Number of protein chains: 2
Amino acid sequence: MCATAAYRLVVIGESRADAAPQAGRPLRADAERSMRAILEAAERVLSTNPAASMEQVAEAAGVARTTIHRRFASRQALIDALADAAVAHLRAAIDQGRPETAPPLVALHEITARVLRTKISWRFALDLPAKAGSAAAEGQQDIARRCLELFARARDLGLLAAGADLEWTRRVYYALIGEALHGDGEQTDPDILAGRVVETLLHGVSPRDR
Amino acid sequence: MCATAAYRLVVIGESRADAAPQAGRPLRADAERSMRAILEAAERVLSTNPAASMEQVAEAAGVARTTIHRRFASRQALIDALADAAVAHLRAAIDQGRPETAPPLVALHEITARVLRTKISWRFALDLPAKAGSAAAEGQQDIARRCLELFARARDLGLLAAGADLEWTRRVYYALIGEALHGDGEQTDPDILAGRVVETLLHGVSPRDR
DNA sequence: TGAAACTGCAACAGTGGTGTAGCGGATACC
DNA sequence: GGTATCCGCTACACCACTGTTGCAGTTTCA
């Protein structure tokens, strides 16, 4: 799904009842492979059918159902972990767009294209409502904060209206990104989609009088 | 939820197995009341928790669970009926905005406000993917068609760019409406929200040079 | 190479939801 | 006022999914 992962998978307790990854002994190589296979399969299966069973996820991952239960205390724990992993990927993608240093318009294009690419692969997990206090929630908040900062920079440069409501701008931006992914195959290139998103965000659909 | 309903509820078969409303004997008054209570309760409950059980829906509707099963062959049948009813409401709301006759900008504002009002009440049902061939699907297609016609009129009047992609415009419009409803209570007046949606759709968030 | 970690497999208990059935009482309708 | 319709209630069968356990065989890693 994504070649490079910026995190490491670990286990803590020995008891089967609390297999939540937090801190402790690092996983053996084959276990980490399984873990990754499970998360990726869960994303694939659940994005098609959110009510899919653990059995279906296990089959798609090429492991036994019991193996999933060994790593994740419950179905919910799996989904939570999935959300955390997806947000971590998203954050990494955004970092690569240099939101704090690149010129705002360049950063906006760059980030949009990267986010679109990531969202294609983690559609289900990224649409999940983040649980309060989770790593995913923290990540989403951080992303929103940096998004607002980028827009503030853009506004200071005259790219946005001086009185623009940055929070509304952010929400519109998110909505446009979401919409760009709903296309029925007629246009899927992230760079082209990003251009359309940014153009629409800034200027809407009315004629440009200039 | 909505005071006036533009449809009538009926039953066909006697068998419990196929209680799908299509044509036949009209319902008794109390039965129609129950039917309406069930649909509205389903919307309320499922919008909070899409995985809620029939038991929870029944309790919210103030009826016994078996009563629901008497009218709807299955959980899925209930949800399908809910989707049909919601789209019927939406269509009625749009009709009242005179999309074919009013000046485009006026119609756009009017329709947006009405749609927002309807979507608040039928959030769950209207977010449902319509089943192919269902009344809901037919209604959605009709709505999309009329939306495109309205945008075409707007474009001919110079309100939209001459080369505007009307399908993309429609998708952006839908996305903005959806986003306007996600506000965290700081602004809920449909008229104000509609103004914001239309303004953003037409001109984006950049400064207006004029 | 040997211990520790990991996995598949088979089997099991528990749970919660779905859908059916019939009866007796209440309600609407003509 | 009589009849067809509707509803609540209780009870039941069924099923799919979750989560657990133990063991035997395999893989990793020091």
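Every chain is numbered from 1 and lettered A, B, ... according to where its sequence line falls, protein lines coming before strand lines. None of these values were measured; they are calculated from a predicted model. Below, each value reflects all heavy atoms present in this structure, side chains not excepted, and no hydrogens, waters or symmetry copies.
- F72(B) places its CZ atom 14 Å from the P atom of dT20(C), with the value rounded to the nearest Å.
- Between R71(B) and dC6(D) there is a side-chain N or O to OP1 or OP2 distance below 4.0 Å.
- Between the side chains of S47(B) and W122(B), no donor N or O sits under 3.5 Å from an acceptor N or O.
- Side-chain proximity of R70(B) to dC6(C), dT21(D), dC9(D): nearest is dC9(D).
- Taking for each of A29(B) and S34(A) the nucleotide of DNA chain C with the nearest heavy atom, the 5'-most of the two is the partner of S34(A).
- With rounding to the nearest 0.5 angstrom, the CG atom of L39(B) is 8.5 Å from the NE2 atom of H89(B).
- For the pair R170(A) and Y174(A), the cation-pi criterion (under 6.0 Å, within 45° of the ring axis) is fulfilled.
- At dA28(C), one or more side-chain N or O atoms of R33(B) fall inside 4.0 Å of OP1 or OP2 (strictly under the cut-off).
- Rounded to an integer number of Å, the gap from I38(A) CD1 to dC6(C) P is 12 Å.
- An OP1 or OP2 oxygen of dG8(D) is reached within less than 4.0 angstrom by a side-chain nitrogen or oxygen of T67(B).
- Taking every side-chain heavy atom of S74(B) into account, dG19(C) is the closest of dT21(D), dG19(C), dT7(C).
- Here dG8(C) presents its P atom at 14 Å from CE of M54(A), a figure rounded to the nearest Å.
- The nearest whole Å value for the distance from the CD atom in E32(A) to the P atom in dC29(D) is 10 Å.
- Using a cut-off of 4.0 Å between Lys/Arg side-chain N and Asp/Glu carboxylate O, R153(A) and E149(A) are scored as not salt-bridged.
- Atom NE2 of H69(B) and atom P of dG19(C) are 4 Å apart (whole Å).
- R65(B) comes within 4.0 angstrom of a nucleotide base, judged by non-hydrogen atoms across all strands.
- Between E55(A) atom CD and dC17(D) atom P there is a gap of 8 Å when expressed in whole angstrom units.
- Map R28(B) and V63(B) each onto its nearest nucleotide of DNA chain D; the residue landing nearer the 5' end is R28(B).
- At whole-Å resolution of the value, CG in N49(A) and P in dA16(D) are 15 Å apart.
- Distances were taken from every side-chain heavy atom of T66(B) (C-beta onward) to each of dA28(C), dC9(D), dT18(D); the shortest belongs to dC9(D).
- Taking OG from S206(A) and NE2 from H203(B), the interatomic distance works out to 4.0 Å, rounded to the nearest 0.5 Å.
- Looking at which nucleotide of DNA chain C each of Q76(B) and D30(B) is closest to, the 5′-most match is held by Q76(B).
- M35(A) has its CE atom 15 Å from the C1' atom of dT7(C), to the nearest Å.
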